[in-house]
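Just so we're clear, the structure is a prediction, and the values are computed from it rather than from any experiment. The chains referred to below are lettered A, B, ... by the order of the sequence lines, with proteins before strands, and numbering in each begins at 1.
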Amino acid sequence: MVFRSEEMCLAQLFLQSGSEYDCISELGELGLVEFRDLNPSVSSFQRHFVSEIKRCEEMERILGYLLREIQKAKIAIPQEDESPLAPPPRQVLEIMEQLQRLEMELSEVAKNKEKLQRNLLELTEYTHMLKITRTFIHSRSRVSYEEFPTMETDSVTGSTGMQRLGAKLGFVSGLIQRVKVEAFERMLWRVCKGYTILSYAEVDENLADLDTGEISKSVVFLISFWGDQIGQKVQKICDCYHCHLYPHPENDEERADVLDSLRTRIQDLNNVLHRTEDYLRQVLQKASESVYTWVVQVKKMKAIYHILNLCSFDVTNKCLIAEVWCPVSDLTNLRGALEEGSVSTTWNTPSAPLLSQGG
Amino acid sequence: MAVCEELSFNVDHGYLEGLVRGMKAGILSQTDYHNLAQCDTLEDMKLHLQSTDYGKLLSSSEGDLTVSLLDSKLRENLVTEFSCLRSNALPPLSTFLDYISYSYMIDNVVMLITGALKNKDVSELLPRCHPLGAFDQMAAVGIARTPAELYSAILVDTPLGQFFQDAVSECSLDEMEAEILRNKLYKAYLQSFHSFCKSVGGATKDVMCPVLEFEADRRAFIITVNSFGTDLSSADRSALYPSCGKLYPGGLKLLAQAEDHEQVKAVADCYPDYKMVFDDPEPGSDFKTLEDRFFEQEVKLNILAFLQQFHFGVFYSYIKLKEQESRNVVWIAECVTQRQKSKIHNYIPIFQGTS
């Protein structure tokens, strides 16, 4: 334990160019010294070890992505008691490769899964829409409006009274979020000046909105309008409120056909989706076993390179000079750490790292 | 209440003022700009920005780092900060912050209208809108054919509806009309903002009113200078000048009659603040455009806001200074990518001599 009144000394370390990484790693594990910045006038992107730091950051970015995905899948990350040491530079390339491979695989699988989910949502919404608009049409034909002629459908041609008059009757149907329905209705009324009829009903199931991840109530609506221009305006308003539009079937038989085909497609999609989710989980599970180690290793590596950036490079002796503050009583530990660091490198260093003490 | 603001301000707004002052301390300093100007690539700039308040802004982005990505990330950052302030604000600060966002809404509306005139798809235009000015009915703006329709069908429920008194007209929207609409809306907005600040009183009034008056006069000058050579008659022009500035009423009348740059300069000479802007540059210094000089003047006024406490002006000034900083960083990034280092120092420094 170091007291505030502990006697400190300023020491100069000469680190051989092969073993500086390991020496700093040993010093880091012991947590003994504070390094002084010997290059204060150099900006951060002009320092010596900038490319290594960029590599560490790239790895950190991939690890961040991995962690997010693992947390999303609610897999627990096993935390170890001992923190792993910083990896030697030659192991770094291996780790980098593994991480890059994992990232590619994961992003592909995640993309596929999202596509499938979107597809499933569309089909589900379409099914709901068909079922609910059926009730609109059938209930409407029983009620007769005073302003418009009764909409008896001619069973052969499927055209109504208005169509026979020459005015083109168009339908736009789809889904919109519950919170936006009132504003939507108001804008439709104002822009189209009453040439549209809007009927809507809520969907029982709570559907998830894929862009935001929220689960919200949706409403199925059916707009019937007369005229092409009104049709274009209706389209634009629907775009404005981010409605999901689906084609409206002409008659009941077509509706039944589409419903059937949708049902089979939804079943198939569900199967594929389950299999994809299982595979994704497998990949993430495997990654989660080593993710903790990697995170700590990369952090330590980055810290070592930051410290190495603080040292000045002596070209004549081919070594790195570092100035550190160290408690006087810990000097032997410091010397020991430096020896450890130089021993662990397999290079044949001519002499051990030097330590010269200042005042 | 103008009296004893110090006693009651912190109850509702103290936390947010503290937050804004903290964020202001993170505005890039001269050393930061100096370092950024020395970068050779955008990657270097990204590395340097990590040591500033921006932190990991650019790190998590995948794909190539381009100037437009940088621009959109900086803008996103500003929008996050603004939303944080706005969602925690109580009246009257919430009304004040809403006023700040209305100017972006006006710009968005006009951009969507001009885009619709060129038959561009709404989905293409929406990402280019400024996020601070986003509102629900924005995407439907392209449907309107005349300003009257725009108001009655689409914008009547939005906050912009209150600025439409002068702007409702039946002429169909074309490019010229869209610009006139922008200026009319902006005039109504500035005047409304000015009277709001006056009604709040106290230090807010003392700080904000000069800033808004400068903005009004600046718009009058820019409208005049830009209208040389177009069909805009002087009567039309004078309808677009905001009346809450120092130039009202005498200067505005003279400006309406000005026909060339010299006459505008003559009008500016009567007002010591604007005389500097229109002065010829000293021999040997860099040429600056009129817009740049107005920006410089604006930065000076905005810095003054931080000298007083317990008022809303700090929020407005912070947003404007942060925008200027984004413009500076993007300018430097452009110079770096195009290797035109000669002009790299043409940014407008914000805090000189202070850290």
Task: Contacting region of B/V141 [heavy-atom separation from chain A under 4.5 Å] - done: neither
Open item on the list: For A/K54, is there an ion pair with A/E57 - N to carboxylate O distance below 4.0 angstrom?
Closed with: no
Task: Within 6.0 angstrom of A/Y195 OH, more than 12 heavy atoms from elsewhere - done: no
Task: B/D40 and B/K341 ion-paired at < 4.0 Å - done: yes
Task: Heavy-atom contact with chain B under 4.5 Å, split by part of A/Q232 - done: neither
Task: Test: A/K299 cationic atom under 6.0 Å from A/Y292 six-membered ring centre, within 45° of axis - done: no
Open item on the list: Taking side chain as everything from C-beta outward and backbone as N, CA, C, O, which of these in B/E149 sits under 4.5 Å from a heavy atom of chain A? Side chain, backbone, both or neither.
Closed with: side chain
- [ ] Measure distances from B/Q38 to the heavy atoms of chain A and classify the residue's part below 4.5 Å as side chain, backbone, both or neither.
- [x] both
